[in-house]
K.L.:
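Structure in structure tokens, see below.
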Amino acid sequence: MEQVKAKKFLGQHFLTDESIAERIARSIGADTRCLLEIGPGMGVLTKYLVDSPQYHFKAIEIDRESVAYLHEHYPTLDLIEGDFLRLDLKTIFPEPFAVIGNFPYNISSQILFRVFENRNMIPEVVGMFQKEVAERVAAGPGNKTYGILSVLLSAFYDIEYLFTVHEHVFNPPPKVKSAVIRLRRNGVTQLDCDERLFVQVVKTGFNQRRKTLRNALKPLNMSLDGIPDTLLAKRAEQLSVTDFVTITNTLTNLSTQS
Ligand code: SAH
């Protein structure tokens with residue numbers, strides 16, 4: 001573990017507990033074939049995946065030093081040197097692929113938004129995030145941590161909080177606890193509404209999450225007339241995906257009528 005000095009700006013916290021790495025690797029669904037690891041670092045998780053006959057496995061790592069280390073220690077690894085956030089996802093596998101990783105925490109939300117945007121290409125995600133992010137993603141309505149990513153992702157994924165991981169099993173230890181979650185694509189191919197407007201409604205609603213929707217949705221500059229009062233009196237954090245779909249459809253109807 002001494003060979004590479006962790007770089008904070010890349011969110012590097014190397015996992016030192018092999019049993020946790022193995023447990024993350026085992027959490028991938030039995031029917032997964034194509035698998036991409038984000039940020040393998042020094043390969044603690046990669047080790048359990050790279051030579052598995054089950055997978056067509058690739059990894060993407062941004063850090064040159066880690067890349068050199070991986071080439072040396074895992075010569076069979078199909079490694080892309082680059083930034084996951086810039087990777088053209090259509091080019092890596094000929095078919096949909098699962099994503100796994102002990103992710104760089106500084107870009108957790110961006111990774112999850114990318115997953116959301118590419119949901120039809122990514123049937124499954126298993127990975128470690130800061131506990132707070134993991135809880136936010138897995139939260140349901142009424143929960144304080146329920147937010148934009150919870151709604152957007154749960155519209156298309158079944159989300160499970162798998163287990164919590166203590167900070168002392170990382171080098172260097174992060175300031176916060178971590179947690180492993182699993183997202184599996186549900187059967188929804190299309191929401192029953194204008195999806196772009198849905199995303200806008202969810203984002204706007206949570207932007208001022210303490211306000212009732214009647215006030216929080218004002219920046220949309222659309223008439224809220226057809227929306228049931230019972231929904232408008234609530235805050236975004238109290239609404240289910242279905243509620244947001246209902247609101248989106250009402251807005252759509254009004255704007256197409258005018
Ligand atoms: N999976 C390893 C490393 C986790 S630390 C382990 O569990 O020990 C996060 C890793 O993500 C680091 O190796 C870091 O260099 C890499 N990383 C950070 N930003 C990245 C990006 N945008 N694309 C790909 N990898 C990235």
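This is a predicted model, so every value here is computed, not measured. By convention here, the first residue in the shown sequence is residue 1. Both ligands and their constituent atoms are indexed starting at 1 by order of listing.
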K.L.:
For residues 77-91, which residue pairs pass the side chain to side chain donor-acceptor pair (under 3.5 Å) check, not counting sequence neighbours?
P.N.:
none
K.L.:
Relative to each other, are the rings of Phe93 and Phe97 parallel, tilted or perpendicular (30° and 60° limits)?
P.N.:
tilted
K.L.:
So which protein residues pack against ligand 1 under 4.0 Å, heavy atoms counted?
P.N.:
Leu10, Gly11, Gln12, His13, Phe14, Leu15, Glu37, Gly39, Pro40, Gly41, Val44, Ile60, Glu61, Ile62, Asp63, Gly82, Asp83, Phe84, Asn102, Pro104, Ile107
K.L.:
Evaluate the ring planes of Phe198 and Phe244, with Trp represented by its six-membered ring, and classify them as parallel (under 30°), tilted (30 to 60°) or perpendicular (over 60°).
P.N.:
perpendicular
K.L.:
Go through the side-chain N and O atoms of Glu167 and Ser178 and say whether any donor and acceptor fall under 3.5 Å apart.
P.N.:
no
K.L.:
Is it true that Thr248 and Asp194 share a donor-acceptor pair across their side chains at a distance under 3.5 Å?
P.N.:
no
K.L.:
For Gln208 and Asn215, which I'm curious about, is there any donor-acceptor pair between the side chains at under 3.5 Å?
P.N.:
no
